S.K.: 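Before I ask anything, let me first share the structure, which is written out below as structure tokens.
Predicted model, so just to flag it, every value in this text is computed and none were measured.
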Amino acid sequence: MQKQILEHYLQTGTYTYAGPYGDYFRSLPDAVEQIGRLICGQVIHRITLREGNTNANDKLQYGDMTKFPWYRMRCEDDILITAPALTAELFRLDERGFVPDRRTENKIVVTCRYVSILMSAVLKAKGIPCRSRSGFAPYCRPGKSIDHWINQYWNTEEERWVTIDADGFYDENGMNLGQYDIADGKFDYAAKAWLDVRRGNVDGKRFLYSDGNGTCSLKAIIRALFYDFHALMNDEISYLFQPCFIDDKFERLTEQDFAELDGLAELLSEPDQNFEKLVHLWENEKKYRIMNSPLVGDSDNLGRW
């Protein structure tokens with residue numbers, strides 16, 4: 001079974017297929033931490049750009065935000081949705097590729113999901129089993145756990161999944177996260193967050209979705225639950241992709257729906273142990289896969305499941 005699981009996480013999907021950049025990805029450093037810091041140096045988070053040279057960027061680790069061109073999009077998540085698209089834009093802006101001295105004006109503005117899929121694409125190209133994961137980070141804002149994407153890669157020597165977060169300079173800023181080997185319990189996976197709130201073990205207001213509307217608790221977690229499920233199946237959907245049956249329908253979900261989602265969360269809590277069951281759901285439960293997106297809505301999908 002472990003062989004089957006590792007082979008699965010060597011496979012790519014729409015978002016992590018390297019395409020013409022496979023050889024380039026393989027030419028990058030082999031040390032995972034080195035790859036992570038290199039990728040982090042190519043991007044600016046939209047919040048960092050908005051806040052300027054303060055808070056997370058008070059040491060100008062992401063570059064001088066005053067030098068970012070006024071005419072560029074303030075977030076490029078909507079147009080650079082795959083790893084090849086991210087890479088192509090980085091080469092367009094600086095033909096040297098992934099370089100540690102990339103100028104601020106030549107960086108791309110993307111969020112954590114995009115850093116995660118780029119990490120997954122590079123590691124998979126190098127023959128390292130890797131998966132993107134979605135959940136909530138309790139280390140980004142005091143008292144809250146903010147929706148976030150990270151990665152896990154398989155360490156062959158230690159025979160374990162190593163959890164990493166390449167979307168920031170956390171260790172350099174003294175957060176004591178150990179971001180290239182995050183300890184158990186320091187990241188709130190979507191499934192555990194869902195079950196903890198459903199069982200009354202945790203106040204749901206702790207889990208916040210970064211939509212600017214204060215969306216929290218189960219309404220926030222349900223999104224991450226499906227991000228994580230799809231990511232574990234090598235389909236790392238972006239933020240505005242959600243199954244049609246829940247998209248903008250949270251208030252209409254029945255107790256039976258919630259019970260079914262509890263079952264999904266139970267399986268996602270131990271994705272390796274429940275791998276075959278998750279694959280079975282993936283291949284057979286249509287309503288978990290028929291997606292709404294910015295250009296595809298209920299009128300296209302209702303009735304298909």
Side-chain angles (χ1 to χ4, degrees), residues 8 11-17 75-86 110-114 116-117 120 131-136 147-149 189-191 193-195 197-198 204 207 209-268 271 274-305:
H8 172 78
Q11 296 173 16
T12 60
T14 301
Y15 307 108
T16 55
Y17 174 61
C75 183
E76 295 165 313
D77 286 1
D78 291 341
I79 56 175
L80 304 176
I81 199 166
T82 68
L86 292 161
V110 293
T111 54
C112 54
R113 177 262 177 193
Y114 297 78
S116 177
I117 65 161
S120 286
R131 57 198 189 191
S132 294
R133 299 297 307 268
S134 178
F136 296 82
D147 68 295
H148 196 45
W149 288 62
Y189 291 98
W194 176 271
L195 293 171
V197 174
R198 284 280 288 162
F207 301 106
Y209 182 64
S210 302
D211 59 358
N213 297 320
T215 302
C216 63
S217 195
L218 294 177
K219 193 172 183 178
I221 302 168
I222 197 171
R223 305 185 67 87
L225 197 67
F226 279 100
Y227 297 154
D228 200 41
F229 178 42
H230 277 249
L232 286 167
M233 296 293 106
N234 292 323
D235 182 47
E236 303 83 357
I237 53 176
S238 188
Y239 308 119
L240 295 181
F241 292 65
Q242 283 285 283
C244 177
F245 93 100
I246 67 163
D247 188 43
D248 287 331
K249 304 176 186 70
F250 183 81
E251 287 76 12
R252 290 186 249 164
L253 295 178
T254 67
E255 187 51 42
Q256 181 178 344
D257 292 327
F258 280 106
E260 289 182 10
L261 293 170
D262 291 346
L264 174 62
E266 291 279 4
L267 295 178
L268 292 172
N274 299 313
F275 180 73
E276 288 185 334
K277 292 179 180 179
L278 287 169
V279 171
H280 179 79
L281 271 183
W282 181 251
E283 293 176 346
N284 293 280
E285 188 57 84
K286 291 183 179 180
K287 68 181 181 181
Y288 289 176
R289 291 186 64 180
I290 295 176
M291 309 298 289
N292 280 2
S293 69
L295 293 177
V296 176
D298 287 353
S299 61
D300 303 284
N301 282 327
L302 281 178
R304 291 184 62 206
W305 47 270

S.K.: Does atom OH of Y239 have more than 12 heavy-atom neighbours from other groups under 6.0 Å away?
M.R.: yes

S.K.: Quick check: does any side chain N or O of K287 sit under 3.5 Å from a backbone N or O of I246, one acting as donor and the other as acceptor?
M.R.: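 Looks like no, no N/O pair under 3.5 Å.
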
S.K.: Which label fits Y288 and F229: parallel for a plane angle under 30°, tilted from 30 to 60°, or perpendicular past 60°?
M.R.: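 Y288 and F229: perpendicular rings.
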
S.K.: Quick one: are the ring centres of H8 and F275 less than 6.0 Å apart?
M.R.: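 Yes - the distance between ring centres of H8 and F275 falls below the 6.0 Å cut-off.
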
S.K.: Evaluate side-chain contact (heavy atoms from CB on, under 4.5 Å) for V296 paired with N301, printing each intermediate quantity in order.
M.R.: CA-CA 8 Å; V296 176; N301 282 327; 3.4 Å; yes

S.K.: Determine whether more than 12 heavy atoms belonging to other residues, nucleotides or ligands lie under 6.0 Å from atom CG of D248.
M.R.: no

S.K.: How close do D262 and W194 get, counting heavy atoms only, and between which atoms?
M.R.: OD1-NE1, 2.8 Å

S.K.: I'd like to know whether CD of Q256 has more than 12 heavy-atom contacts from other residues, nucleotides or ligands below 6.0 angstrom.
M.R.: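 Counting neighbours around CD of Q256, 12 or fewer heavy atoms of other residues, nucleotides or ligands fall under 6.0 Å, so no.
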
S.K.: Anything under 3.5 Å between a donor and an acceptor, one on a side chain of residues 278-286, the other on a protein residue two or more places apart or in another chain? List them.
M.R.:
{"residue": "H280", "atom": "ND1", "partner": "N284", "partner atom": "ND2", "Å": "3.2"}
{"residue": "N284", "atom": "ND2", "partner": "H280", "partner atom": "O", "Å": "2.8"}

S.K.: Give, for atom OG1 of T14 and atom CD1 of I81, the distance between the pair rounded to the nearest 0.5 Å.
M.R.: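 CD1 of I81 is found 9.5 Å from OG1 of T14.
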
S.K.: R289 versus P243: any side-chain heavy-atom pair under 4.5 Å?
M.R.: no

S.K.: Measure the NE2-CD1 distance between H230 and I237 for me, rounded to the nearest 0.5 Å.
M.R.: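 If I round to the nearest 0.5 Å, the distance is 4.5 Å.
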
S.K.: If I compare all heavy atoms of S116 with all of W149, which pair ends up nearest, and what's the gap?
M.R.: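 Looks like CB-CB, 4.0 Å.
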
S.K.: Under the 3.5 angstrom rule, does the side chain of D235 hit a backbone N or O of G13 as a donor-acceptor pair?
M.R.: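 Side chain of D235 to backbone of G13, a donor-acceptor pair under 3.5 Å: no, none is there.
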
S.K.: Counting C-beta onward and ignoring hydrogens, is there a side-chain heavy-atom pair between P294 and F241 closer than 4.5 Å?
M.R.: yes

S.K.: Nearest 0.5 Å please: distance from the CG atom of D247 over to the CZ atom of R223.
M.R.: 7.0 Å

S.K.: Can you check whether D77's main-chain N or O pairs, donor with acceptor, with Y114's side chain at less than 3.5 Å?
M.R.: yes

S.K.: Yes or no on salt bridge (Lys or Arg N to Asp or Glu O under 4.0 Å) for D298 and K249, after CA distance, side-chain angles and deciding distance?
M.R.: CA-CA 11 Å; D298 287 353; K249 304 176 186 70; 2.9 Å; yes

S.K.: Test your reading of the model: is there a side-chain donor-acceptor pair from D257 to the backbone of T254, 3.5 Å cut-off?
M.R.: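 Yes, because the side chain of D257 sits within donor-acceptor range (under 3.5 Å) of the backbone of T254.
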
S.K.: What is the distance from atom CZ of F207 to atom OG of S217, rounded to the nearest 0.5 Å?
M.R.: 8.5 Å

S.K.: Please check: side-chain N/O of R113 versus main-chain N/O of S132, any donor-acceptor pairing under 3.5 Å?
M.R.: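 Flag not set: sc R113 to bb S132 has no pair under 3.5 Å.
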
S.K.: So do Y189 and L195 actually touch side chain to side chain, heavy atoms under 4.5 Å?
M.R.: no

S.K.: Would you give the length of the straight line joining atom CG of L264 to atom CD1 of I222, rounded to the nearest 0.5 angstrom?
M.R.: 9.5 Å

S.K.: On a heavy-atom basis, which atom in A190 and which in I221 lie closest, and how many Å separate them?
M.R.: O-CG2, 3.5 Å

S.K.: Could you pull out the closest heavy-atom pair between R198 and A259, with the gap in Å?
M.R.: NH2-N, 4.1 Å

S.K.: Tell me the closest heavy-atom pair linking D147 and F136, and the distance in Å.
M.R.: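 Nearest heavy atoms, D147 then F136: N-CD2, 3.3 Å.
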
S.K.: Can any side-chain N or O of N213 pair as donor or acceptor with the backbone N or O of T215 at less than 3.5 Å?
M.R.: no

S.K.: Hey, what do you get for CZ (R131) to CD (Q11), rounding to the nearest 0.5 Å?
M.R.: 14.0 Å

S.K.: Do any N or O atoms from the side chain of D228 and from the backbone of R133 form a donor-acceptor pair under 3.5 angstrom?
M.R.: no

S.K.: Minimum heavy-atom separation for C244 to L302, with atom names?
M.R.: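 C244 and L302 have their closest heavy atoms at SG-CD2, 3.8 Å.
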
